[in-house]
Participant: 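Below you'll find the structure I mean.
The figures that follow rest on heavy atoms only: side chains count, while hydrogens, waters and symmetry mates do not. Computed from a predicted model, the values in this text were never measured in an experiment.
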Number of protein chains: 2
Amino acid sequence: MSQGRHAPTALTPQPARTQLTPRAAEIVQAARELLEEQGPEALTMRALGERLGMRAPSIYKHLKGKEAVEAALIEQGLAEMGAALYAALDGAGDPVEAVLRAYRRMALAHPNLYRLSTGGPLNRAALPEGLEEWAGTPFFLACGEPQLAQALWSFAHGMVILELDGRFPDSSALDLTWREGARAFLAARTAP
Amino acid sequence: MSQGRHAPTALTPQPARTQLTPRAAEIVQAARELLEEQGPEALTMRALGERLGMRAPSIYKHLKGKEAVEAALIEQGLAEMGAALYAALDGAGDPVEAVLRAYRRMALAHPNLYRLSTGGPLNRAALPEGLEEWAGTPFFLACGEPQLAQALWSFAHGMVILELDGRFPDSSALDLTWREGARAFLAARTAP
DNA sequence: CTTGTCAGGCTAACGCTGTTAGCCTAGAGT
DNA sequence: ACTCTAGGCTAACAGCGTTAGCCTGACAAG
C-alpha cells in the first residue's frame, strides 16, 4: 500500500470480512458461478442445490436463506470493487481517470455481481460495518472533496448500469462519453 | 413549446403513445396505483385483479401478461419524464441546471415508476419507436453535444437511483452534490 | 322472436419460487 | 456403548405468472 493523490489509502483499513463455515463458503462460491454464468433469474435455491449435489432445503442448514446468500455475494462484490479502486489509486496517472477506468473494468468483468451489489435497496445489517464506505472512499481520495466524490461515483454508477442494461443507443461511443465525464470532473476538481 | 438553449424542442416531436382499450387503460391505471402505493413486490396479477374486482386470469383478456402491464407503465414513465424535461428547458435559467432539477423532481415524485422505467434491461419492442430517445433528448439540448449529454444523463440517473435506493450515507448533503455535479458539467460545456 | 357469436368474466390447475417441519443417519464425544 | 448433533433428505405450504376451458349476458343476423 502506498498512497493516492491526496491522502494515504491506509487511513481507511479494509473492514473484516464476515466469517463463513467452509461449507457455506462453497455454497456462496457456487451461487456466484450460477449468478455470473446464467444471470440473476437462474439463481434459485433449487438450482443452487443441484449444482452442489444437494436439495434446496439442505442449504438452510448452512445459510439463513436466499437473502443471506445474496448478502454474501454483495459483500464479495463490494470488497473486490474496493480493492480494485484502491489499487487503481496506487498506479500512475490522474486518480480520477484511474478510478473511473477501474470502476468500469470491474463492473463489466462481473456484470451480474455488480448489478446485485449495487441495485435495489441494501440490507446494511447483513454487511460488515463500514464495508460500503470503505469501497467508496477511493472516489473521495481521487477528488479530495466529498460532494464532488459523490457526484463522480453517481456518474460512474450511472454509466455502468446504463451500459450493462443496454440503455444507451447502439451507436453510442461510450469510451468518448467516459472521457467527457472525466474531463468535466477533472476540471471541476482543479478549478473551484 | 418554444425552445431550449441550443435547438428548438420541436425538432423531436413526441412519439405516439400506444393505444389501449378503455378497460386495459383502467388496468394499467390500477397497476400504477398499486406500484406507487405499495412498491414493486405488491404488483402481482392477483393483487391487481383484486383491486379491479376481478380475478387474475381475467386480466389476460385485456393485456398479454404482466410484462405488457409493466411495458405500459414504463411507457407512461418515459413519456412523463420527457414532458417534464422539455418543460424545464422552456423555463428560465441555465438548461443544464433546469434539466437536472426536473429530472430529480420527477424521479422522486414517482420513485417506483422511475425504478421500473429505468431499472434492468428494457424490452424495446414493447415500446413506441423513438420514445426513449425522445425522452432523453433534453439532455442533448441542454449540452449541445451528445457525449457530454450522455455523461450528464448518467450522472443524473446515478444520483437519483442511488438516492432512491438509500445508498448514500445518511449524512449526505445531496443538494450540494447535485450542485457540484451541475458545476462540473456546466464548466465542461462552456470550456472545451 | 329466435338464433349465433363472442367479449369478458370465472374456476381449476400447472410448474415454478422461497421456505418450514420433521425424519434419518453417520460420526464424534463421553 | 450411548448420546448428541451436523447435515442430508422428503413432503408440504403459500404465493407467483400463466393456460385451458367453461359460462353467461349482450348484441347482431335472419
Participant: Check the distance between C:dT11's P and B:Glu50's CD and give it to me in whole angstrom.
Facilitator: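 Taking atom P of C:dT11 as the reference, CD of B:Glu50 is at 13 Å.
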
Participant: Hey, is B:Glu37 close enough to B:Arg51 for a salt bridge, meaning N to O under 4.0 Å?
Facilitator: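 Result for this pair is yes, salt bridge flagged.
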
Participant: Quick one: does any side-chain atom of B:Tyr103 pair with a main-chain N or O of B:Ala98 as donor and acceptor, under 3.5 Å?
Facilitator: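 No; judged by distance alone, with no hydrogens or angles, the pair does not exist.
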
Participant: In whole angstrom, what separates A:Arg55's CZ from D:dA12's C1'?
Facilitator: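 Rounding to the nearest Å, CZ of A:Arg55 and C1' of D:dA12 are 15 Å apart.
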
Participant: Between the side chain of B:Thr118 and the main-chain N/O of B:Tyr114, is any donor-acceptor distance below 3.5 Å?
Facilitator: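 At least one qualifying donor-acceptor pair exists.
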
Participant: Which listed nucleotide (C:dC10, C:dG18, D:dT10) is nearest to the side chain of A:Pro57?
Facilitator: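 Nucleotide nearest to A:Pro57's side chain: D:dT10.
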
Participant: Would you kindly give the CD1-to-C1' distance between B:Ile59 and C:dC10, to the nearest whole Å?
Facilitator: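 Rounding to the nearest Å, CD1 of B:Ile59 and C1' of C:dC10 are 13 Å apart.
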
Participant: Counting any heavy atom closer than 4.0 Å, what does A:Ser58 reach on the DNA or RNA strands: base, sugar-phosphate only, or nothing?
Facilitator: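 The residue A:Ser58 makes base contact.
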
Participant: Are the charged groups of B:Asp175 and B:Arg104 less than 4.0 angstrom apart, N to O?
Facilitator: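 Judged by the 4.0 Å cut-off on N to carboxylate O distance, B:Asp175 and B:Arg104 do form a salt bridge.
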
Participant: Under 3.5 Å, is there an N or O donor on one side and an acceptor on the other linking the side chain of A:Arg46 and the base of C:dG18?
Facilitator: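 Present.
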
Participant: In whole angstroms, how far is the C1' atom of D:dC16 from the CD atom of B:Glu70?
Facilitator: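 Roughly 13 Å, once rounded to whole Å.
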
Participant: Which heavy atom of B:Ala16 sits nearest a heavy atom of B:Pro128, and at what distance?
Facilitator: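 Closest heavy-atom pair between B:Ala16 and B:Pro128: O-CB, 3.4 Å.
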
Participant: Tell me the interatomic distance from A:Glu41, atom CD, to D:dC16, atom P, rounded to whole angstroms.
Facilitator: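 Whole-Å distance recorded here is 17 Å.
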
Participant: Could you state the CD-C1' distance from A:Glu26 to D:dG7, rounded to the nearest angstrom?
Facilitator: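 Rounded to the whole Å, the gap is 13 Å.
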
Participant: I want to verify a distance call: between D:dG17, D:dT10, C:dG18, whose nearest atom is closest to the B:Lys66 side chain?
Facilitator: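 Nearest to the side chain of B:Lys66 among the choices is D:dG17.
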
Participant: Out of D:dT18, D:dG8, D:dC9, which has the shortest distance to the side chain of A:His62?
Facilitator: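 Looking only at side-chain atoms, A:His62 lies closest to D:dG8.
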
Participant: Taking atom types as they are modelled, would you say the side chain of B:Lys61 forms a donor-acceptor pair with the base of C:dG9 within the 3.5 Å cutoff?
Facilitator: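 Between C:dG9 and B:Lys61, which were checked side chain against base, a qualifying N/O pair under 3.5 Å is present.
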
Participant: For the pair made of CG in B:Leu63 and P in C:dG8, what is the distance, rounded to whole Å?
Facilitator: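 B:Leu63 atom CG is separated from C:dG8 atom P by 12 Å.
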
Participant: Respond yes when some side-chain nitrogen or oxygen of A:Arg23 is under 4.0 Å from OP1 or OP2 of D:dG8, and no when none is.
Facilitator: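 So the side chain of A:Arg23 is within the cut-off, an N or O lying under 4.0 Å from OP1 or OP2 of D:dG8.
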
Participant: Pick base, sugar-phosphate or nothing for B:Leu52, based on heavy-atom distances below 4.0 Å to the nucleic acid.
Facilitator: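 Since no nucleic acid heavy atom lies under 4.0 Å of B:Leu52, the category is nothing.
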
Participant: Measure from the side chain of B:Thr44, starting at C-beta and using heavy atoms only, and say which of D:dT10, C:dG9, D:dC16 lies closest.
Facilitator: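 Closest nucleotide to the B:Thr44 side chain: D:dC16.
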
Participant: How many Å lie between OH on A:Tyr60 and C1' on D:dC13, as a whole number?
Facilitator: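 Taking OH of A:Tyr60 and C1' of D:dC13, I get 13 Å after rounding.
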
